[in-house]
Undergrad: 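Mind having a look at this structure? Questions to follow.
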There are 2 protein chains.
Amino acid sequence: MVRPRKSAAADPTALRLENFVPFRLNRLASAVSEHLSEIYRTRFGLEIPEWRVLVTVGQRNDCTAQFVAASARMHKTRVSRAVAALTKKKLIERAASADDARERHLQLTPSGRRLYAALVPFALERERSLLACLDEPQRRGLIAGLTRLERFFKLTGV
Amino acid sequence: MVRPRKSAAADPTALRLENFVPFRLNRLASAVSEHLSEIYRTRFGLEIPEWRVLVTVGQRNDCTAQFVAASARMHKTRVSRAVAALTKKKLIERAASADDARERHLQLTPSGRRLYAALVPFALERERSLLACLDEPQRRGLIAGLTRLERFFKLTGV
DNA sequence: TATTGTTATACTCTATAACTATA
DNA sequence: TATAGTTATAGAGTATAACAATA
């Protein structure tokens with residue numbers, strides 16, 4: 001069909017979508033996201049918001065919905081619904097808080113902990129296998145680039 | 001200051017969302033996307049799908065909707081609607097094709113070309129200012145990493 | 001019978017707003 | 001009066017499916 005891609009960096013005043021970093025970032029992020037959400041769903045029965053909540057709660061075991069929202073950058077309604085879904089699946093429990101009755105302390109149930117324990121190595125393995133296609137300087141550059149851009153957009157440090 | 005945020009590599013069996021590359025990629029991509037779509041909308045009156053179509057058509061001036069869909073990785077209905085919106089704004093024209101009457105040849109109108117000419121330097125400037133927060137090895141690493149991961153996910157080459 | 005492109009419809013995702021129960 | 005969290009509702013955005021015109 002149409003002869004593809006390039007010889008592109010040639011004209012610096014031309015914009016080729018396929019070389020435009022914001023576009024590439026977006027395209028890559030959705031490919032990665034699709035790839036992983038497929039795994040989370042079929043393998044662990046979790047949607048992405050549920051996955052994020054499970055991981056955040058599992059990481060400190062005992063935190064509020066508000067904390068999850070801030071650290072996973074999710075809207076509180078999204079957190080609330082994910083928590084409800086996880087509760088229904090008996091993976092998470094909502095315990096009353098002693099010092100503030102409006103809050104709920106989120107904790108993994110035993111089966112939530114089991115799922116978490118199975119899920120984490122799996123996710124890390126996926127991450128490793130993604131990054132395995134990079135050599136060391138590339139990997140470092142990518143991570144450093146991510147870090148800088150995150151700072152640029154003030155995404156970290158919640 | 002090269003103190004990135006880790007202490008996380010400490011326990012390789014722990015998953016911290018803020019260090020998990022797929023999550024970071026996603027979060028960064030949506031921040032960039034939000035940032036740019038705000039500009040496209042307020043400054044040029046374009047939604048992202050329209051922007052992508054405009055850029056793709058402008059780059060070769062004369063292509064079919066199918067080509068746009070393949071090269072910008074958009075669903076054909078999304079292309080169709082973006083083309084309709086751009087046509088309504090008189091930025092694009094649909095011309096009949098000589099060799100296949102099902103196809104339409106998409107071309108920028110004079111005002112579409114003017115918008116394109118204003119938009120491209122602007123977008124490239126934004127890209128440059130994003131990447132300006134990286135030093136040269138980081139920039140190269142990031143780009144190389146993107147390229148490898150794109151290959152991994154078979155995103156290139158339309 | 002397959003393909004280009006359009007439209008209608010449905011679905012997913014997410015946010016806004018309104019609410020409750022606290023503080 | 002403000003906050004934690006929930007729920008109802010509405011709004012994007014996008015895909016599926018049905019369609020018309022052509023190959």
Side-chain angles (χ1 to χ4, degrees), chain A residues 1-2 23 26-27 29-31 33-34 36-38 40-42 45-53 56-57 62-88 92-107 158, chain B residues 23 26-27 29-31 33-34 36-38 40-42 45-53 56-57 62-88 92-107 158:
Chain A
M1 233 198 107
V2 191
F23 171 73
N26 231 311
R27 187 177 58 175
S30 41
S33 193
E34 249 168 63
L36 287 181
S37 70
E38 170 71 12
Y40 299 151
R41 184 176 305 114
T42 60
L46 297 175
E47 301 300 319
I48 285 186
E50 299 171 44
W51 186 84
R52 290 186 179 173
V53 170
T56 305
V57 174
D62 190 354
C63 62
T64 64
Q66 206 181 19
F67 174 82
V68 175
S71 84
R73 295 226 141 211
M74 294 165 65
H75 193 275
K76 66 176 182 170
T77 61
R78 209 179 161 197
V79 173
S80 179
R81 288 195 176 97
V83 167
L86 291 169
T87 303
K88 201 168 169 189
I92 246 183
E93 275 170 348
R94 282 179 276 207
S97 165
D99 30 288
D100 186 335
R102 292 172 304 182
E103 291 180 351
R104 311 289 207 94
H105 284 263
L106 303 173
Q107 298 178 330
V158 173
Chain B
F23 171 73
N26 232 312
R27 188 178 57 175
S30 39
S33 193
E34 250 169 63
L36 287 181
S37 70
E38 170 71 11
Y40 299 152
R41 185 176 304 116
T42 62
L46 298 175
E47 300 300 319
I48 285 185
E50 299 170 44
W51 186 83
R52 289 186 180 172
V53 170
T56 306
V57 173
D62 190 354
C63 62
T64 65
Q66 205 181 21
F67 173 82
V68 175
S71 83
R73 293 225 140 213
M74 295 165 65
H75 195 274
K76 66 175 181 170
T77 62
R78 209 179 160 197
V79 173
S80 178
R81 290 194 177 96
V83 166
L86 290 169
T87 303
K88 201 169 169 187
I92 246 183
E93 277 170 347
R94 284 180 275 207
S97 166
D99 30 288
D100 186 335
R102 292 172 304 183
E103 292 179 349
R104 311 287 208 96
H105 284 262
L106 304 173
Q107 299 178 331
V158 176

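In what follows, chains are A, B, ... by sequence order, proteins preceding strands, each numbered from 1. Any value given below was found using the heavy atoms of this structure, including those in side chains, with hydrogens, waters and symmetry copies removed.
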Undergrad: Let me know the distance between CZ of B/R78 and C1' of D/dA17, rounded to the nearest Å.
TA: 19 Å

Undergrad: So, A/T87 side chain and A/V83 main chain: donor-acceptor pair closer than 3.5 Å or not?
TA: yes

Undergrad: Rounding to an integer number of Å, can you tell me how far A/M74 CE sits from D/dG5 P?
TA: 13 Å

Undergrad: If you find the nucleotide of DNA chain D closest to A/A84 and the one closest to A/E103, which residue's nucleotide is nearer the 5' end?
TA: A/E103

Undergrad: Nearest whole angstrom, please: distance from the P of C/dT6 to the NZ of B/K88.
TA: 15 Å

Undergrad: Which heavy atom of B/V53 sits nearest a heavy atom of B/M74, and at what distance?
TA: CG2-CE, 4.0 Å

Undergrad: So which nucleotide from C/dG5, C/dT6, D/dT22 ends up closest to the side chain of B/A101?
TA: D/dT22

Undergrad: Give one of base, sugar-phosphate or nothing for B/R81, where a contact means two heavy atoms less than 4.0 Å apart.
TA: base

Undergrad: Roughly how many Å is it from CD in B/E34 to C1' in D/dG13, rounded to a whole number?
TA: 14 Å

Undergrad: Nearest whole Å is fine: how far is D/dA12 C1' from B/R41 CZ?
TA: 10 Å

Undergrad: Could you report the tightest heavy-atom contact between A/A72 and A/R52, atom names first, then the distance?
TA: O-NH1, 4.3 Å

Undergrad: Please pick, from D/dT7, D/dT3, D/dA17, the nucleotide with the shortest atom-to-atom distance to any side-chain atom of B/T77.
TA: D/dA17

Undergrad: Judged by each residue's nearest nucleotide on DNA chain C, which is more toward the 5′ side, A/H75 or A/E47?
TA: A/E47

Undergrad: Suppose we call a contact any N or O donor and acceptor under 3.5 Å apart; does that hold for the side chain of B/R102 and the base of C/dT3?
TA: yes

Undergrad: What integer distance in Å separates A/K76:NZ from D/dT3:C1'?
TA: 8 Å

Undergrad: Can you check the B/D99 CG to C/dT4 P distance for me, whole Å?
TA: 13 Å

Undergrad: Consider the side chain of A/S80, meaning its heavy atoms from C-beta on, and name the nucleotide among C/dT14, C/dT22, D/dT7 that approaches it most closely.
TA: D/dT7

Undergrad: I need the CZ-C1' distance between B/R104 and D/dT22, as an integer number of Å.
TA: 12 Å

Undergrad: Which heavy atom of A/L86 sits nearest to which heavy atom of A/E50, and what is that distance?
TA: CD1-O, 3.6 Å

Undergrad: Search all heavy atoms of B/A29 against all heavy atoms of A/A29 and return the closest pair with its distance.
TA: CB-CB, 3.6 Å

